[in-house]
Amino acid sequence: MANLRTAMDAAFGDLNVASPQALDGSAKLVPGDPVPLDGAVASRALRFQQLSFLRNGFPLGIIPSYSPTPRKELGSFSLQSLLLRPATDNWWLGVVGRFRPKKLIDSIKAEISNVDEWELSALKDVAKHFLDKSLYSLGVSSQLSLSPSSSLLIGTEQLGEKERRRHKIMLYHRLPNHDITMEAAWPGLFLDHNGRYWDVPESISLDLLSLVSESGLRYRFGIHKNGGQPHGIDATNIEPPSALMPGLCAKAAFSYEKSKDLWRQKETKEDVMVKTEKGLFWRPSYDIRLREPHSAVSAIIGGICTAWFWNPEFCLAGVSREGEIFSVASAKRSPFNADLFGSVCYTFQLGKFRKKYCDLTRIDARLDISSAAAFAQRVFNVLSGSSVSSFRRPSSSPRVNLIFQQQVAGPIVFRVDSKFSLGSLSGRQGPHVEDLIYSLSYSLRLLRSGKVVAWYSPKRKEGMVELRLLEF
């Protein structure tokens, strides 16, 4: 089943999206933006833990990634490696390095082409290019187990193409039926629905999240604070999302989730135990969450309310023909707002994902309404013939997410995540593809429901290799 719980996480503003832009491998989704693709949601494992595992399967422990930078000469291709990983019973430290080779290769080529005779001075000139700090990035992360139910994570990173460091602190505590998380980042990295990145100088949050009950009810409370003017990493002449502007707010959200099997072929003892000439052998599915062919329908509905305690006015920016930014008006968020959201998903799976070939074909189709209020206003404007300016709200259009998975050979699965915006109500743009992610995964039987995933996003022009656990 597609992960419907991302509907509430996206509305609440506490959803991590996989991203190679940061060394910790994730960025926050802008609060209130449409639900992202399931394939874009970050792994539950920390990036340093992923690299510690992935290095065993890559030559010299070097993992490739692909992400553009504002400095085009650095290129998009990079290499990552876990340099140090000391650990004790209740503490560990990870040091990760990243290297972008394009600028170095181009500089050396240009240097060699200008050399008439090889002398010591010429070798020194070539060697100087290896000392260019913009080629290298370094990140340090440490986790301390304070008790069996509490842990503290501290991380910092310095990207070679940027002058400012990025810091993050996260305190996690587990209660019998709730999780408490305090997180602070300066600057915080956010990703909007258009694939643009934003740096928020200060981002602090404190959240209380309930575990999913047998009835399907789930709720959460939180306090969020943003400080400083958001800055676009790859687009400086675009107005920042209002959700990232300075302010302090309290949030409360709830959701109710249910699923029903239309049919399901249960796993049997004969499926797991295979009889051969040498006797019986245990042969489980490559992924325990994909072991049973079935067809199912699931749905989630919920609500969220936000109250702003500190809600300063901010300027709406305009852009002149010369590309200069200027203030055109001041705006202020509503001190209190409430909204509803919901998703419906249909899943169809053939195969038990245990044979070498043709044993898994799966389709997930999901309809998301991120904001019932924005959608209702959109419909009203169309029926009344009002201005279409409200159509620009990203949450006003329903989205359809499609996930297609097909076994290639053994544990290797090809997957396509696609998102379509049903924007035909505006009369300006019909349904269109809004996002797309291609991925190739290798399931690991020893982890029961874990896999190594290599994905690429044409929209963001990014790709990376991850270790993902319990994805469905």
Side-chain angles (χ1 to χ4, degrees), residues 1-15 17 29-41 191-195 212 216-220 241-243 251-260 296-306 333-334 336-347 363-384 386 388-403 417-437 459 472:
M1 195 73 64
N3 190 2
L4 293 182
R5 297 171 194 171
T6 56
M8 184 170 75
D9 295 337
F12 198 82
D14 188 32
L15 183 61
V17 181
L29 184 74
V30 171
D33 264 14
V35 181
L37 294 172
D38 275 18
V41 177
L191 177 68
D192 66 20
H193 71 286
N194 289 317
V212 181
L217 179 65
R218 186 170 175 246
Y219 56 88
R220 67 188 307 169
S242 61
K251 294 183 178 182
F254 75 92
S255 67
Y256 182 73
E257 180 181 354
K258 276 296 182 181
S259 64
K260 181 177 179 59
V297 176
S298 61
I300 187 172
I301 187 171
I304 182 171
C305 60
T306 305
R333 291 165 295 218
S334 173
F336 179 83
N337 57 70
D339 208 345
L340 297 175
F341 57 86
S343 298
V344 179
C345 179
Y346 172 72
T347 300
I363 297 176
D364 293 82
R366 168 177 169 176
L367 173 66
D368 292 317
I369 297 180
S370 301
S371 172
F375 176 62
Q377 183 181 5
R378 181 188 182 98
V379 175
F380 175 79
N381 288 343
V382 170
L383 296 178
S384 63
S386 301
V388 298
S389 60
S390 61
F391 298 147
R392 296 177 183 177
R393 295 181 60 181
S395 57
S396 65
S397 296
R399 265 82 173 173
V400 174
N401 288 354
L402 297 179
I403 305 174
D417 290 67
S418 56
K419 179 164 64 175
F420 298 84
S421 176
L422 305 181
S424 59
L425 290 178
S426 68
R428 297 172 57 190
Q429 187 177 29
H432 59 281
V433 179
E434 190 174 75
D435 203 355
L436 193 66
I437 289 182
K459 180 178 181 178
F472 288 94

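Being a predicted model, the structure only gives us computed values, none of them experimental.
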Next on the checklist: Quick check against the 3.5 Å criterion: does Asp192 have a side-chain atom that pairs as donor or acceptor with the backbone of Asn194?
Outcome noted: yes
Item to check | Identified side chain to side chain contact (heavy atoms under 4.5 Å, CB included) counterpart of Leu15 within the set Val41, Val35, Leu191 | outcome: Val41
Next on the checklist: Looking at Glu434, is its backbone amide N or carbonyl O close enough to the side chain of Lys459 to form a donor-acceptor pair, meaning the two atoms are under 3.5 Å apart?
Outcome noted: yes
Next on the checklist: Looking at every non-hydrogen atom in both residues, tell me the closest pair between Ala374 and Ser371 and how far apart they are.
Outcome noted: N-OG, 3.1 Å
Next on the checklist: Nearest 0.5 angstrom please: Leu367 CG to Tyr346 OH, how far?
Outcome noted: 15.5 Å
Next on the checklist: Testing the basics here: between Val17 and Ala40, what is the closest heavy-atom pair and its distance to 0.1 Å?
Outcome noted: CG1-O, 3.2 Å
Checklist entry - Side-chain contact, heavy-atom cut-off 4.5 Å: Leu37 with Asn401? => result yes
Checklist entry - Can you list every salt bridge (charged side-chain N to carboxylate O under 4.0 Å, His left out) pair that touches residues 337-347, not counting sequence neighbours? => result none
Item to check | Residue list, side chain to side chain contact (heavy atoms under 4.5 Å, CB included) with Ala243, at least two apart or on another chain | outcome: Val30, Pro31
Item to check | Thr347 and Ser298, any side-chain heavy atoms less than 4.5 Å apart | outcome: no
Item to check | Backbone of Phe12 reached by a side-chain donor or acceptor of Lys251 within 3.5 Å | outcome: yes
Item to check | Partner set under side chain to side chain contact (heavy atoms under 4.5 Å, CB included) for Ala11, not counting sequence neighbours | outcome: Ile304, Phe341
Item to check | Residue pair Ser370 / Arg399, side-chain heavy-atom distance below 4.5 Å | outcome: no
Checklist outcome for this item: Residue set satisfying side chain to side chain contact (heavy atoms under 4.5 Å, CB included) with Lys258, at least two apart, ordered chain then number -> Tyr256
Item to check | CG-OG1 distance between Asp14 and Thr6, expressed to the nearest 0.5 angstrom | outcome: 12.5 Å
Checklist entry - Is there a donor-acceptor pair under 3.5 Å between the side chain of Ser334 and the backbone N or O of Asn337? => result no
Checklist entry - Do Cys345 and Asp364 have side-chain heavy atoms sitting under 4.5 Å apart? => result yes
Next on the checklist: If you compare all heavy atoms of Ser396 against all heavy atoms of Arg378, which two are closest, and at what distance to 0.1 Å?
Outcome noted: OG-NH1, 3.1 Å
Next on the checklist: Please determine whether side-chain contact (heavy atoms from CB on, under 4.5 Å) holds for the pair Ser418 and Leu436, giving the CA-CA distance in whole Å, both sets of side-chain angles, and the decisive distance to 0.1 Å.
Outcome noted: CA-CA 4 Å; Ser418 56; Leu436 193 66; 3.5 Å; yes
Checklist entry - Which residues satisfy the side chain to side chain contact (heavy atoms under 4.5 Å, CB included) test with Ile300, sequence neighbours excluded? => result Leu4, Ala7, Ser255, Glu257, Ser343
Checklist entry - What pairs with Asp9 under salt bridge (charged side-chain N to carboxylate O under 4.0 Å, His left out), at least two apart in sequence or on another chain? => result Arg218, Arg220
Next on the checklist: Regarding Asp368 and Lys419, does a basic nitrogen lie under 4.0 Å from an acidic carboxylate oxygen?
Outcome noted: no
Item to check | Residues that Thr306 engages under side chain to side chain donor-acceptor pair (under 3.5 Å), provided they are two or more places apart | outcome: none
Next on the checklist: For Asp417, give me all partners under salt bridge (charged side-chain N to carboxylate O under 4.0 Å, His left out), at least two apart in sequence or on another chain.
Outcome noted: Arg415
